[in-house]
Amino acid sequence: MEINLESLKEDEKKIIEYINSNEKDNYENIIKENLNDSVMLGLSNIRNNLVYAYDFEPDSTVLEIGAHLGEITGALCEKCAKVISVEPNEARARAILKRYSDKDNLDIVVTEISKIKLEEKFDYITLFGILEYAQQIFDTENPGLDLILYCKKMLKPNGKLLIATDNKFALKSYIGEKDECTGITFDSITGYKSSNKQYKLGKKQIINILKETGMSYYKFFYPLPDYKLPSLIFTDEYLPSSSKINGYFPYYMDSSFIFYSEVDAYDAIIKEDKKMFPFFANSYFIVASQIEFKDDTRYVSFNNYRKEEYQLMTKIRENIVEKTSINSKSKKHLEQMMNNIQNLNNENIDILDMVHEDKVVSKFVNLKLVSQLVCDNIEKPEEIIKILNKYKEKISILSTEYDENEKTIFEKYIPNVDRNILNKFRYLKDGYWYMILKNCFIIDGEYVFFDQEWVEKNVPVEFLVYRSIVNIEILRDKIEKYQLFDKMKIKEYIPLFEKLDGKIGAEIMDEKVFSFYQRKHKNPIYDNYILEDKNKKLMSENNKISNQNIELEKKIETELKQNEILNGQIYYLTNENKELKKKLDGIYDSRSWKIVKGISNIKKIIKK
């Protein structure tokens with residue numbers, strides 16, 4: 001059956017083409033070969049993170065409204081017993097069917113969102129990226145409210161509405177990201193003056209709608225960089241600190257003009273008052289219900305930039321922290337972490353983690369990380385040195401001298417390493433190179449570690465000290481000023497450590513996906529500033545050269561005058577010399593000179 005694609009955008013047609021001609025296992029290759037906004041947002045597994053982060057009840061049923069191209073449909077099928085996906089466009093619906101042909105618990109309904117007719121009531125209804133387009137579904141005075149009322153009728157009495165939506169006052173809108181709904185920069189934060197419609201809503205507007213519709217019990221989550229590709233998810237119980245906000249990379253549509261750093265702006269807001277963060281959050285994930293419910297999730301993080309086989313999810317609850325694998329490939333890595341925990345316990349190294357069923361869990365510690373203590377003392381270098389030295393002392397307990405009969409981490413990653421340098425380090429036979437200050441608390445005066453995912457044979461203590469320093473972002477700018485590498489006696493090894501760290505990172509990071517977040521965007525202010533600055537520098541150079549030319553001309557003029565004087569003196573002395581020569585020649589020809597000359601010769605003979 002031929003499907004009409006005319007109503008689809010060009011990027012949607014391309015994604016459908018990829019889905020129809022490839023199996024899911026090949027999606028990651030498609031992303032790496034065609035790394036752009038539509039492919040990343042349409043096919044990446046990162047789209048599932050919000051679903052993975054939420055605790056669905058077992059054996060639950062879910063109605064997915066506006067399934068689009070099935071970006072989260074597969075994850076819903078994994079988490080719930082039954083999924084019904086509603087998609088108005090038949091071409092997109094057929095793409096979802098092809099994409100998840102292996103899911104027995106999925107039904108797809110092709111119908112307008114406003115015309116859903118189902119007898120069944122659901123445990124969950126999802127509205128991912130739908131609320132901001134409510135006016136296209138209901139042509140009413142308050143379409144957002146009518147959409148929520150419409151969904152409420154299809155929920156069980158204790159059912160929950162899951163809403164993922166961009167914030168009207170998202171910080172990324174202030175720094176130049178084009179509005180996804182209208183394509184106009186700054187449109188949402190200026191009240192959508194370009195049209196008579198309201199698309200994105202702010203937090204207060206959403207709360208008012210929920211209360212008015214009787215969905216009076218709710219919880220807000222704040223995903224960064226947004227709900228589509230979440231890396232960090234905060235809550236009101238766990239708002240970001242300055243160090244935490246540095247744990248993600250923003251991304252923007254290719255056509256956007258970005259005026260300044262989003263991370264720096266969030267950092268400034270948080271330092272002023274972290275309670276301001278929800279107002280400027282890029283996106284919201286909202287759980288809403290007619291009855292009171294408990295959700296103890298406080299914070300979630302993902303390793304989006306790693307290769308699939310190393311991607312884990314960390315979830316902080318009220319009293320515990322959990323670490324789980326989010327795909328079949330990363331289960332092996334989680335098992336390795338579980339083995340590390342057992343070995344660390346056997347070596348009597350203080351760690352928080354323990355194994356519980358298929359998870360790594362630890363007690364939630366309401367203390368500052370040691371890396372945060374360093375940040376608190378950033379203007380006190382002597383305190384930072386004390387912390388580093390105590391840390392080095394702690395990890396050196398089990399270290400040994402270099403054994404030339406055993407290979408070290410250097411031989412594995414840098415085969416041509418100068419072996420003469422290897423005996424200058426002390427080695428940890430089992431080197432947990434995540435055993436650094438950002439994965440450490442000080443509890444009752446002792447350094448206690450967590451999140452020990454990695455281990456290598458014979459890792460230098462000095463390398464871990466280096467990694468502890470460079471993995472505290474705010475500390476990097478102080479390395480030279482405080483002479484940290486000198487005082488920790490590792491300065492001469494830095495080029496080697498940098499190379500080793502880069503090699504290890506390359507083994508873990510998905511460089512192609514990471515490059516998606518590292519794309520450069522045009523910055524009119526910066527670009528104009530640079531051009532202006534270059535012009536100023538050129539003008540300054542021109543003025544400098546002009547002044548040098550004037551000085552040179554003056555110098556030449558002075559030297560010419562001096563030459564004229566010298567030439568006059570030479571002329572005068574030349575003539576004077578000629579006159580003297582004439583007088584001397586006259587003397588030589590005179591009779592008296594000849595007599596005197598003869599007498600002189602006689603005197604010489606007598607002496608002889």
Side-chain angles (χ1 to χ4, degrees), residues 232 240-248 267 299 301 303 314 316 321 323 337 340-341 344 347 349-353 362-399 409 425-428 430-456 459-491 493-494 497-498 500-501 504-505 508:
L232 309 176
S241 61
S242 183
S243 61
K244 280 285 185 185
I245 205 69
N246 290 306
Y248 86 102
D267 189 49
Y299 168 79
S301 68
N303 315 118
T314 301
I316 297 178
V321 181
K323 194 172 283 286
M337 187 178 179
N340 293 346
I341 291 168
L344 284 162
E347 294 172 15
I349 295 176
D350 294 326
I351 59 169
L352 290 171
D353 301 326
S362 62
K363 181 181 177 182
F364 176 71
V365 178
N366 194 21
L367 293 172
K368 289 185 177 182
L369 296 169
V370 182
S371 57
Q372 291 173 311
L373 296 178
V374 170
C375 294
D376 290 346
N377 288 281
I378 198 62
E379 300 302 329
K380 299 176 182 177
E382 66 283 355
E383 290 299 319
I384 294 173
I385 294 298
K386 283 182 183 178
I387 292 171
L388 288 169
N389 276 325
K390 189 171 181 181
Y391 159 74
K392 184 178 180 180
E393 180 184 335
K394 169 70 177 179
I395 62 174
S396 295
I397 294 173
L398 297 175
S399 67
I409 189 174
F425 306 129
R426 291 195 64 81
Y427 291 88
L428 296 171
D430 292 319
Y432 301 91
W433 51 264
Y434 248 35
M435 196 181 285
I436 57 179
L437 295 184
K438 76 170 191 177
N439 291 329
C440 178
F441 292 103
I442 297 178
I443 302 175
D444 297 330
E446 294 296 326
Y447 281 59
V448 181
F449 299 96
F450 62 93
D451 276 4
Q452 297 311 301
E453 299 181 46
W454 320 91
V455 63
E456 297 281 358
V459 176
V461 167
E462 295 80 358
F463 177 59
L464 296 186
V465 172
Y466 159 79
R467 293 199 78 246
S468 285
I469 294 171
V470 299
N471 276 281
I472 303 174
E473 187 166 346
I474 195 173
L475 190 59
R476 292 177 203 158
D477 295 333
K478 304 288 186 181
I479 289 173
E480 290 299 323
K481 182 179 179 180
Y482 294 167
Q483 299 180 315
L484 294 178
F485 291 154
D486 292 276
K487 291 178 180 178
M488 297 309 297
K489 299 178 182 179
I490 60 173
K491 185 172 183 179
Y493 314 123
I494 298 306
F497 290 165
E498 287 176 343
L500 177 59
D501 209 24
I504 292 172
I508 298 164

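For this chain, numbers begin at 1 and follow the sequence in order. Computed from a predicted model, the values in this text were never measured in an experiment.
Side-chain contact between V321 and Y299: absent, with no pair of heavy atoms (C-beta onward) separated by less than 4.5 Å. In this structure the side chain of L437 reaches within 4.5 angstrom of the side chain of L388, judged on heavy atoms. Annotation: side chain of I351 is not in contact with side chain of V448 (no heavy-atom distance under 4.5 Å). Side-chain contact between L484 and I385: present, with at least one pair of heavy atoms (C-beta onward) separated by less than 4.5 Å. Counting heavy atoms from C-beta on, the side chains of L344 and M435 come closer than 4.5 Å. Inter-residue side-chain proximity for I469 and F485 is flagged as met; some heavy-atom pair is nearer than 4.5 Å. In this structure, the side chains of Y466 and E498 come closer than 4.5 Å at one or more pairs of heavy atoms. The side-chain heavy atoms of F441 and L369, taken from C-beta on, include a pair separated by under 4.5 Å.
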Handout entry: Evaluation steps, side-chain contact (heavy atoms from CB on, under 4.5 Å), between I436 and V370
Key = CA-CA 9 Å; I436 57 179; V370 182; over 6 Å; no
Handout entry: Worked verdict on I443 versus L352 for side-chain contact (heavy atoms from CB on, under 4.5 Å)
Key = CA-CA 10 Å; I443 302 175; L352 290 171; 4.1 Å; yes
Exercise for the section: Would you please test V461 and F463 for side-chain contact (heavy atoms from CB on, under 4.5 Å) and show each step? Expected result: CA-CA 5 Å; V461 167; F463 177 59; over 6 Å; no
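The closest donor-acceptor contact from the side chain of D353 to the backbone of F450 lies at 3.5 Å or more, if one exists at all. A donor-acceptor pair is defined here as one N or O able to donate and one able to accept, closer than 3.5 Å; such a pair exists between the side chain of R467 and the backbone of W433.
A salt bridge links K478 and E379; the closest N-O separation between the charged side-chain nitrogens and carboxylate oxygens is under 4.0 Å. A salt bridge links E383 to K386: at least one charged side-chain nitrogen sits closer than 4.0 Å to a carboxylate oxygen.
Residues Y434 and F449 keep their aromatic ring centres 6.0 Å or farther apart.
In terms of heavy-atom proximity, L367 sits nearest to I442 at CD1-O, 3.9 Å. Closest heavy-atom contact between S371 and K438: OG-CA, 3.4 Å. For I378 against I474, the heavy-atom pair with the smallest separation is CD1-O, 3.9 Å. The shortest non-hydrogen separation linking K394 to E446 is NZ-OE1, 3.9 Å. The two atoms that bring Y482 and K380 nearest to each other are OH-N, 4.3 Å, heavy atoms only. Counting all heavy atoms, side chain and backbone alike, E453 lies closest to K323 at OE2-NZ, 4.1 Å.
A distance of 8.0 Å separates SG in C440 from OH in Y391, rounded to the nearest 0.5 Å.
In this structure, F497 and F425 have tilted ring planes: the angle between them lies in the 30° to 60° band.
With a 6.0 Å radius and a threshold of 12 heavy atoms from other residues, nucleotides or ligands, E382 has its CD atom above the threshold.
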